[in-house]
**Q** 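For reference, the structure I am asking about is given below.
Every chain is numbered from 1, with letters handed out A, B, ... down the list of sequences.
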Number of protein chains: 2
Amino acid sequence: MTITQLQYVLAVAEYQNFTVAAEKSFVTQPTLSMQVQKLEDELDVRIFDRSKKPISITDAGKKIVAQAKNIVNEAKRIKDIVDQEKGFIGGEFTLGIIPTVMPTLLPMFLKTFINKYPKVNLVIREQNTDSLIRNLQDGHLDAGIAATPLDIEFITERPLYYEPFVGYVPPSHRLRKEEKLSPEDLDIHDILLLEDGHCFREGVVNLCKASQNFEDHFHLQSGSFETLVNLANEGLGMTLLPYLNAVDLDERKKSNLKYFEEPPPAREISLIYHKKELKLHITNALREVIASVVRGAIRFQDVKIISPVSKNGT
Amino acid sequence: MTITQLQYVLAVAEYQNFTVAAEKSFVTQPTLSMQVQKLEDELDVRIFDRSKKPISITDAGKKIVAQAKNIVNEAKRIKDIVDQEKGFIGGEFTLGIIPTVMPTLLPMFLKTFINKYPKVNLVIREQNTDSLIRNLQDGHLDAGIAATPLDIEFITERPLYYEPFVGYVPPSHRLRKEEKLSPEDLDIHDILLLEDGHCFREGVVNLCKASQNFEDHFHLQSGSFETLVNLANEGLGMTLLPYLNAVDLDERKKSNLKYFEEPPPAREISLIYHKKELKLHITNALREVIASVVRGAIRFQDVKIISPVSKNGT
DNA sequence: ATAAATTTATAAAAACTATCGATAAAACTT
DNA sequence: AAGTTTTATCGATAGTTTTTATAAATTTAT
């Protein structure tokens, strides 16, 4: 049994087709077919059922594929271990970012990072917190950026910055006359929120919960802050924006912003990664780059951190 | 990088010597040396420092060896997966048994098992509960036999039998005149106990705790029941024995046994294994064999199970 | 300090294996 | 039923692992 054979098996399992799998593995079809056969002979079990097309995986095959994935992944990590030992900052690095952070944070640090560490092949994925955690666990992500604290056993959280919430209050809104917002003033029923799954929503819900007894139903949920702002302008209520999104608004819309009293409620944005610390060198490099660019953009000493995790265990 | 190369590296790491490692790997020394070199070249890092003898492992090497162990172990499991899928009962199976169970239980089932399943290469290791749990976690053991309940997240417990405690009370002892023992009569200060680490001791301590407020100091601790019995005969106190140890005593000593009132305090002995259920077929076969031989030796309906785990978190 | 013994590295030859291109066989499509 | 797609088989070839033989380096013993 060789690692190559396992990789071939994984390719066939993925593409459900020997010819395609061979192409993707950069070998000819007979090469791949023979190696898969050899492994099947050695284990004395069929992994794939080729009697019909498209081919299917046998029961034993499913378990073998699962284990093969495991082995091939662990084998790949040998290279990471060596890189880390050498202090080499390079190779592939996959970073997941939650949707409400992505558009504002990514442009701030991306250029700086790829210039400073040109040998890192940075792969960015936009994912909500739940899939982010799952992908960190099974090794599909090397690190993630999410609202914290999450308090998950196998994850290390390294705070990057604290981002206050800012109110977007259109002229027609009852809170328009207030100089500063206070969490007690908020009414969850006239705040426009992002759709479920975005952890920013959980944060806002928690913020309102802190001052009100709150039942779980909303006027409306949308997928982007831009939509929320436009809906607010239509008189459908107010909305809350993270600070970095708020400063990105055009001048006309900025006039509708209302800040909170000190200390403003804020979300904690952290770099999170598996406690196994597999690519710690790159992770640390990333953290320093982000921290340095954010330091110029956000400067708040005293904030009140709002948890992104819903209390009733979503 | 091949699995063979990783195995060679592991052999060198284990024997700290290329020549011996080659013999143990059933290849010649140049074969092994060259493959290790090839891997070092591919990773571009020294794994072993050969400049002095005996050779030593580099820092990077240590990490590579740890990961290689992982990979090679996971690779071995492919074969297990296939065996299990086929319902084949065979291959290596490593079983850990706690010291206070080993001498009485092992002779009862070993012959039956190896006759019934001649293709299983059973490896038995005597280990205390703590190392048993550790070895189950890192895959060095396939199953274990220990006093339960342990209530450990990743472990499945399948009770095998309930073994009552029996008092060994020498003629001079104050409890000698009693017909039956009762937990309330016991005084931890004149019970001879096994040394720390044997979970049987924890069970007895818990039994006494149930009726007394108990401070942690003992007259004496020994490593074997035989010593305890002999010490008891010297007038140093009484001791408690598991039922199967008690019935193994010679006739003269048996006269000093005193049973508990119904329901007698008892320990639960279980077959424990990782929730991953890697060799479930063999584990189940083992459980059935043990359960069938024990059924003839111990027959109690109503017992009071004493936990083997110390309450103050040892 | 030098010789002997032990251990690891190197070199060339032999055995073995993965890969390829060409082609046959099987299964599916129309 | 013919054509298309997909997988298996075959022989040739390049590449790799392994072995035997031997050299180089290191340690131990005299």
**Q** With a non-hydrogen cut-off below 4.0 angstrom, is Ser33(A) in contact with a base, only sugar-phosphate, or nothing?
**A**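 Sugar-phosphate, no base atom in range.
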
**Q** I need the Arg287(A) CZ to Ile145(A) CD1 distance, nearest 0.5 Å.
**A**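 It is 12.0 Å, given to the nearest 0.5 Å.
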
**Q** Find the distance between CD (Glu85(A)) and CD1 (Ile81(A)) and round it off to the nearest 0.5 Å.
**A**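 If I round to the nearest 0.5 Å, the distance is 9.5 Å.
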
**Q** Return the value, rounded to whole Å, for the distance between atom CE of Met34(A) and atom C1' of dT19(C).
**A**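 Answer to the nearest Å: 9 Å.
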
**Q** Show the distances under 3.5 angstrom between N or O atoms of the protein and N or O atoms of nucleotides 12-17 of chain D.
**A**
{"residue": "dT17(D)", "atom": "OP1", "partner": "Lys38(B)", "partner atom": "NZ", "Å": "2.9"}
{"residue": "dT17(D)", "atom": "OP2", "partner": "Lys38(B)", "partner atom": "NZ", "Å": "2.3"}

**Q** Grab the CG-P distance between Asp49(B) and dA9(C) for me, whole Å please.
**A**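 My rounded result for the distance is 11 Å.
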
**Q** At 10 degrees resolution, what angle do the end axes of the helix from dA1(C)-dT30(D) to dT30(C)-dA1(D) form when each is taken over five base pairs?
**A**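 Comparing the axis at each end, I get an angle of 30°.
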
**Q** Examine dT19(D): is either OP1 or OP2 under 4.0 Å from a nitrogen or oxygen in the side chain of Gln29(B)? Give yes or no.
**A**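 No, because none of the side-chain N or O atoms of Gln29(B) sits under 4.0 Å from OP1 or OP2 of dT19(D).
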
**Q** Rounded to whole angstroms, how far apart are CD on Glu40(B) and P on dT8(C)?
**A**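 Rounded to the whole Å, the gap is 13 Å.
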
**Q** Are more than 12 heavy atoms from other residues, nucleotides or ligands located less than 6.0 Å from atom NZ of Lys111(B)?
**A**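 Open.
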
**Q** May I ask you to say whether Asp59(A) pairs ionically with Lys63(A), meaning some side-chain N is under 4.0 Å from a carboxylate O?
**A**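 Looking at Lys63(A) together with Asp59(A), the answer is no, because their closest N to O distance does not fall below 4.0 Å.
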
**Q** Working to the nearest 0.5 angstrom, can you tell me the gap between Gln127(A) CD and Leu132(A) CG?
**A**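 Answer rounded to 0.5 Å: 5.5 Å.
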
**Q** Identify all pairs in which a protein N or O lies below 3.5 Å from an N or O of nucleotides 3-6 of chain D, and state each distance.
**A**
none

**Q** Would you mind classifying the nucleic acid contact of Pro54(A) as base, sugar-phosphate or nothing, using non-hydrogen atoms under 4.0 angstrom?
**A**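 The residue Pro54(A) makes no contact with any strand.
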
**Q** Would Arg50(B) and Glu40(B) pass as an ion pair if we require N to O under 4.0 Å?
**A**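 So Arg50(B) pairs with Glu40(B) through a salt bridge.
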
**Q** Taking the six-membered ring for Trp, are Phe154(A) and His274(A) parallel (under 30°), tilted (30 to 60°) or perpendicular (over 60°)?
**A**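 Ring orientation, 0 to 90° scale: tilted.
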
**Q** State whether a side-chain donor-acceptor pair under 3.5 Å links Ser131(A) with Asn128(A).
**A**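 Result is yes, a qualifying pair exists.
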
**Q** Does Glu74(A) pair with Arg77(B) as a salt bridge, N-O distance under 4.0 Å?
**A**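 No, Glu74(A) and Arg77(B) are not salt-bridged.
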
**Q** Would you kindly give the NZ-to-P distance between Lys52(A) and dT7(D), to the nearest whole Å?
**A**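 Answer to the nearest Å: 15 Å.
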
**Q** Any chance you could lay out the salt bridge (Lys or Arg N to Asp or Glu O under 4.0 Å) test for Arg134(B) and Asp130(B), step after step, and finish with the verdict?
**A** CA-CA 6 Å; Arg134(B) 246 178 295 117; Asp130(B) 282 350; 5.6 Å; no

**Q** Provide, to the nearest angstrom, the distance between the CG atom belonging to Leu39(B) and the C1' atom belonging to dA9(C).
**A**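 To the nearest whole Å, that distance equals 17 Å.
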
**Q** Check whether more than 12 heavy atoms from other residues, nucleotides or ligands sit under 6.0 Å from atom NZ of Lys275(A), and answer yes or no.
**A**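 Check passes, neighbour count above 12.
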
**Q** Return no unless some side-chain N or O of Arg50(A) is found under 4.0 Å from OP1 or OP2 of dA8(D).
**A**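 For dA8(D), OP1 or OP2 has a side-chain N or O of Arg50(A) closer than 4.0 Å.
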
**Q** Whole angstrom is fine here: how far is it from CD in Gln16(A) over to C1' in dC28(C)?
**A**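 Answer to the nearest Å: 16 Å.
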
**Q** Between dC20(C) atom C1' and Phe26(A) atom CZ, what is the distance in whole Å?
**A**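 Atom CZ in Phe26(A) sits about 17 Å away from atom C1' in dC20(C).
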
**Q** Identify the heavy atoms of Tyr273(B) and Asp142(B) that sit nearest to each other, and give their distance.
**A**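 Residues Tyr273(B) and Asp142(B), closest heavy atoms: CB-O, 3.7 Å.
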
**Q** Just the rounded figure in Å: distance from C1' of dT19(C) to CD of Gln37(A).
**A**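 Atom-to-atom, Gln37(A) to dT19(C), this comes out as 15 Å.
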
